[in-house]
Q: 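Here it is, the structure, as structure tokens.
Lettering of chains follows the sequences in order, A, B, ..., and the numbering in each one begins at 1. Heavy atoms only: backbone and side chains are in, while hydrogens, waters and symmetry mates are out. These figures come from a predicted structure and were not determined experimentally.
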There are 2 protein chains.
Amino acid sequence: MPVTIEDLSKTLGLSRSTISKALNDRGDVSSRTRERVLKAAHELGYQPSAAARNLRRQRSDKIGLVVNYPIHQVSDFLAELIPGLATSAEEAAYNLILYTSMAGNETRITNLCRSREVDGIIVAWPPRLSETAALYRLMSDERMPHIVLPRRVPHDDVSYVAADHKEGARLLTAHLISLGHRRIGFERLPEVFETDHDRHAGYATALRQGGINYDPALVIAADSSADDYEARTFNTLMDLPQPPTAILFFTDPVAIKVLSLAKARGIRVPDDLSITGFDGVLSSGVTEPALTTVRQPLPQMGRLAVESLLRLIADETVEPQQHTLPVELIIRRSTGLHIRT
Amino acid sequence: MPVTIEDLSKTLGLSRSTISKALNDRGDVSSRTRERVLKAAHELGYQPSAAARNLRRQRSDKIGLVVNYPIHQVSDFLAELIPGLATSAEEAAYNLILYTSMAGNETRITNLCRSREVDGIIVAWPPRLSETAALYRLMSDERMPHIVLPRRVPHDDVSYVAADHKEGARLLTAHLISLGHRRIGFERLPEVFETDHDRHAGYATALRQGGINYDPALVIAADSSADDYEARTFNTLMDLPQPPTAILFFTDPVAIKVLSLAKARGIRVPDDLSITGFDGVLSSGVTEPALTTVRQPLPQMGRLAVESLLRLIADETVEPQQHTLPVELIIRRSTGLHIRT
DNA sequence: GCAAGCGCCGAAATCGATTTCGGTGAGAAT
DNA sequence: ATTCTCACCGAAATCGATTTCGGCGCTTGC
């Protein structure tokens, strides 16, 4: 139904090749002919068929965003990430295709690579390491450019864009220490392997720098698959013989939930207990008290991921793109001075 | 580089047609041959080229999500919408392609239609009516199935999925009336034409049902392009000789901002003033006090939009799909009894 | 006047699938 | 033995572009 290059060819009395060359500014076409072609193309409303073009050029000008995680658990982040991803892709004449239900399914990722439906893949929130080393090899084998977001990957040859979680945790901890806290609780989430590892390292570094001994009792490994896991971490810590005076929680939503748990237990924040979140999601700013937290520069991370991926697409010999972006400490009202007793 | 149907053909000594028919379960192929083909396809890692397939079948199994609005202004909603959209699309073996920077650009939408890159289009947050009547005609002319989300459209022949804003405003207003309020402020946002109109109608209906006179002084038309427009609405109303005892704000974020404005003016919520938001975004639940609001069923709306669009794609003679979904009143702590003085 | 050079255009191959339609061989019917 | 079916398979057309390469006509150089 739509007008094809063949239609143009007939009405103009020119060959398809000439039309194509004129429209793409390639090859030998006199300027007079080019004008004629352009004019006719506009008048007839010609637009090349994407499929035909893709088939011939062996590229799709599309980037796949593979969300490798239950999507409603990361939609908050997606909201901040997608604008950056989509706009910078479109500036480069690419578009984003969403793939949300192929978590951990290697067959489907393989098929995606082989179908050449996309020119490159952004892997968002890869599952735990053990399951993914194979994933990256798989994409490499299929020669599909790819980049991981927003987590770092402990392989020299895999590209990623991540935030500096170690520094984030260090900043939060140092902030608490500067407020006079010395017993600082720390929530771990071992399932997000590298992130957890980095944050814990930052926490330990800050303690060392502050001359505070590391107390294992203050470090709780949570299990986000258990219900009410937020309460468990909180209660375990507060039921300690010597409870902490400040706690770093793993995410803002957890800290927000703890805000009401604390109120229910009659614990005032920040007077009795300082708490911090992580990530700097929107809602962390409107709680009472507002959360002290660390913000990942998600919009920039999105831009950078796209730019790096495009570089990998353009030149497959380019070195792996590994970026760790600085985070920003946001001090709000959920952290306060600790008055020694 | 990837293995093609021709490779399969060579290694099996069968024609391409037979291979294709075997793989797609079409036409006459003996079960013995089919098995051979399937086995070889699996062993060689054959996956059909998306481009070739699209070209021949004249369809792409892709749905375009055209975000016709500054994307970072709607990313909150996108976060709740996209999971529903993406997963239900993928259940039907479709994928979502994002287009975020073609707001109001008819040429680019036309080109998208003509390139047949997508089989259907979801138009999210269409700009004001006057600019879009042409848009819908354009897509119809190009025979591109399309559906508008999440706003209704005043054309009988355009499909849409929207929430019942009229009922939402009526519920909120009736709730306030039942709490004893009689002077109820109402913020309008004329630029979101139909939505504003519907909500205002719901507000008026509730007043009438409650036997309360409509007072034009209590209805403020805001202009979201002005900075601090939240403060303007709020101050205008509270500076009235007889200020309202309750106000309906147009969105949750506005109401949240007003929460702190009120505190700054020494106005207690809900003791001195009840306020409500609209939309039920995540952060509305964590403020102090938490917001009474109305929730649009965004996940279901996303599902329904996809399902309806697929119906339009499958059968272009099907009647326009117009859905208005019920909303849910969420009563929280920002609204309270009004004690007559 | 003839060869070489150059600007411009077109025929045909190609990308990788799907689909139509005709042909072949084995078995059944006469 | 000949014809008719019918199951199965393949040749070729098709989808709509891009790209290579060769050829034609005209100018330039000698």
Q: Could I get the full list of salt bridge (Lys or Arg N to Asp or Glu O under 4.0 Å) partners for Arg53(B), not counting sequence neighbours?
A: none

Q: Quickly work out the Leu14(A) CG to dG10(C) P distance and round it to whole Å.
A: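 In whole Å, dG10(C) P lies 5 Å from Leu14(A) CG.
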
Q: Just to be sure I understand the rule, does Asn24(A) reach a base, reach only the sugar-phosphate, or reach nothing, if contact means heavy atoms closer than 4.0 Å?
A: sugar-phosphate

Q: Can you tabulate the close N/O pairs, meaning under 3.5 Å, that link protein atoms to atoms of nucleotides 14-16 of chain D?
A:
from, atom 1, to, atom 2, distance (Å)
dT14(D), O2, Arg56(B), NH1, 2.6
dC15(D), O3', Gln58(B), NE2, 3.4
dG16(D), OP1, Gln58(B), NE2, 3.2
dG16(D), N2, Ala52(A), O, 3.4

Q: Please confirm whether the shortest side-chain N or O distance from Ser17(A) to OP1 or OP2 of dT18(D) is below 4.0 Å.
A: no

Q: Taking only residues two or more places apart in sequence, or in another chain, which ones meet Glu319(B) in a side chain to side chain contact (heavy atoms under 4.5 Å, CB included)?
A: none

Q: Please report the distance, rounded to the nearest Å, between CD1 in Ile19(A) and P in dT19(D).
A: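 Result: 15 Å.
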
Q: For dC9(D), take OP1 and OP2 only and decide whether either is under 4.0 Å from a side-chain N or O of Ser30(B).
A: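 Checking Ser30(B) against dC9(D): at least one side-chain N or O falls below 4.0 Å of OP1 or OP2.
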
Q: With sequence neighbours excluded, what pairs up with Asp315(B) under the side chain to side chain contact (heavy atoms under 4.5 Å, CB included) test?
A: Thr317(B), Val318(B)

Q: For residues 5-18 of chain A, which residue pairs qualify under salt bridge (Lys or Arg N to Asp or Glu O under 4.0 Å), counting only residues two or more places apart or in two chains?
A: Glu6(A)-Arg16(A)

Q: Dump the pairs, protein N or O against N or O of nucleotides 21-25 of chain C, anything under 3.5 Å, distances to one decimal.
A:
none

Q: By side chain to side chain contact (heavy atoms under 4.5 Å, CB included), which residues pair with Arg59(B), not counting sequence neighbours?
A: Arg57(B), Asp61(B), Tyr94(B), Asp119(B)

Q: Let me check the geometry of the helix from dG1(C)-dC30(D) to dT30(C)-dA1(D). What is the bend angle between the axes at its two ends, five pairs each, to 10°?
A: 60°

Q: Does anything in residues 139-148 of chain A pair up under salt bridge (Lys or Arg N to Asp or Glu O under 4.0 Å), and if so which pairs, sequence neighbours excluded?
A: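 Checked against salt bridge (Lys or Arg N to Asp or Glu O under 4.0 Å) - neighbours excluded - the pairs reaching residues 139-148 of chain A are Arg114(A)-Glu142(A), Arg143(A)-Glu316(A).
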
Q: Tell me which pairs pass salt bridge (Lys or Arg N to Asp or Glu O under 4.0 Å) where either residue lies in residues 90-99 of chain A, with sequence neighbours left out.
A: Glu91(A)-Arg303(A)

Q: Between dG10(D) atom C1' and Leu12(B) atom CG, what is the distance in whole Å?
A: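 Roughly 14 Å, once rounded to whole Å.
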
Q: Is any side-chain heavy atom of Ser159(A) closer than 4.5 Å to one of Leu312(A)?
A: yes

Q: Which residue pairs satisfy the salt bridge (Lys or Arg N to Asp or Glu O under 4.0 Å) criterion with at least one member in residues 41-50 of chain A, sequence neighbours excluded?
A: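 Qualifying pairs, neighbours excluded: Lys39(A)-Glu43(A).
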
Q: Between dC9(C), dA11(C), dC8(D), which nucleotide gets closest to the side-chain atoms of Val29(A)?
A: dC9(C)

Q: Output yes when at least one side-chain N/O atom of Thr18(B) is less than 4.0 Å from OP1 or OP2 of dG10(D), else no.
A: yes

Q: Figure out the CD/P separation between Glu35(A) and dC8(C), and round it to whole Å.
A: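 That distance rounds to 13 Å.
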
Q: Only counting residues at least two apart or in another chain, list the ones meeting side chain to side chain contact (heavy atoms under 4.5 Å, CB included) with Thr33(A).
A: Leu14(A), Thr18(A), Val29(A), Ser30(A), Val37(A)

Q: Give a yes or no on whether the backbone of Leu309(B) and the side-chain of Gln321(B) come within a donor-acceptor separation of less than 3.5 Å.
A: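 The answer is no, because no donor-acceptor pair under 3.5 Å joins these two groups.
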
